[in-house]
Amino acid sequence: GVGGTGEKQQVVVHRCRFLEEAKCASVCVNACKMPTQAFFSREMEIPLRIKPDYETLQCRFQFGVQPTAEDEMEARSVDCFAACPLGTSLSTRCAGSDSA
């Protein structure tokens, strides 16, 4: 809200170095997005939705916004990047590695 509470505010990371270096959507989701959202929710008591953009390598941190099941499904359903180091050993979707 208004008044300096930080609620409903967002930070845009214009070039996520983690995502850029990992070159893998699954690593982004499982090693950054999910743990960071859980940390803010559990430890800081601030809901946080992280929305990675796999085309631009931008990432939006939306504070005060609870992640939805649809957000998580969308983040996990991304095709492997052409440069993904795991892409050659997994099925067509990196996120499929969760069940392997």
Side-chain angles (χ1 to χ4, degrees):
V2 180
T5 64
E7 198 172 316
K8 305 287 185 196
Q9 298 295 314
Q10 74 176 351
V11 172
V12 177
V13 177
H14 291 283
R15 194 96 174 151
C16 175
R17 187 172 178 146
F18 186 86
L19 182 55
E20 189 173 39
E21 293 293 320
K23 296 180 177 73
C24 180
S26 183
V27 170
C28 166
V29 170
N30 294 305
C32 184
K33 176 181 168 51
M34 301 302 282
T36 302
Q37 288 178 165
F39 171 79
F40 271 87
S41 178
R42 195 173 46 246
E43 304 298 325
M44 307 293 281
E45 298 182 2
I46 299 171
L48 171 65
R49 178 170 59 190
I50 297 177
K51 295 196 65 138
D53 183 327
Y54 299 118
E55 289 184 25
T56 65
L57 303 181
Q58 287 186 342
C59 200
R60 293 185 184 275
F61 286 60
Q62 299 175 321
F63 295 94
V65 179
Q66 202 66 262
T68 65
E70 291 87 22
D71 290 334
E72 305 317 312
M73 296 269 296
E74 182 181 320
R76 292 180 184 273
S77 68
V78 140
D79 286 335
C80 278
F81 297 171
C84 178
L86 301 174
T88 56
S89 61
L90 299 175
S91 66
T92 59
R93 295 198 184 275
C94 262
S97 65
D98 297 89
S99 60

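Note: Ile50 CD1 to Met34 CE = 9.5 Å, rounded to the nearest 0.5 Å. One finds the OG1 atom of Thr68 at 10.5 Å from the CE atom of Met73 (value rounded to the nearest 0.5 Å). Note: Lys23 NZ to Glu21 CD = 6.0 Å, rounded to the nearest 0.5 Å. Expressed to the nearest 0.5 Å, how far CD of Gln10 lies from CZ of Arg49 amounts to 9.5 Å. The line from NZ of Lys33 to NZ of Lys51 is 8.0 Å long, rounded to the nearest 0.5 Å. Distance check: Arg60 CZ to Cys16 SG gives 13.5 Å after rounding to the nearest 0.5 Å.
By the rule that hydrophobic residues join a cluster once side-chain heavy atoms approach within less than 4.5 Å of another member, Val12 and Leu19 end up as members of separate clusters. Under the 4.5 Å side-chain contact rule for hydrophobic residues, Ile46 and Phe61 share a cluster.
For Thr36 (side chain) and Cys32 (main-chain N/O), a donor-acceptor pair under 3.5 Å exists by modelled atom type.
For the side-chain contact (heavy atoms from CB on, under 4.5 Å) with Leu57, the lone residue among Glu20, Arg17, His14 that qualifies is Glu20.
Applying the 6.0 Å contact sphere to CD of Glu43 captures more than 12 heavy atoms from other residues, nucleotides or ligands.
Closest approach of Val27 to Ala22, counting heavy atoms only: CG1-CB, 3.7 Å.
Counting heavy atoms from C-beta outward, Tyr54 and Cys28 have side chains that approach closer than 4.5 Å.
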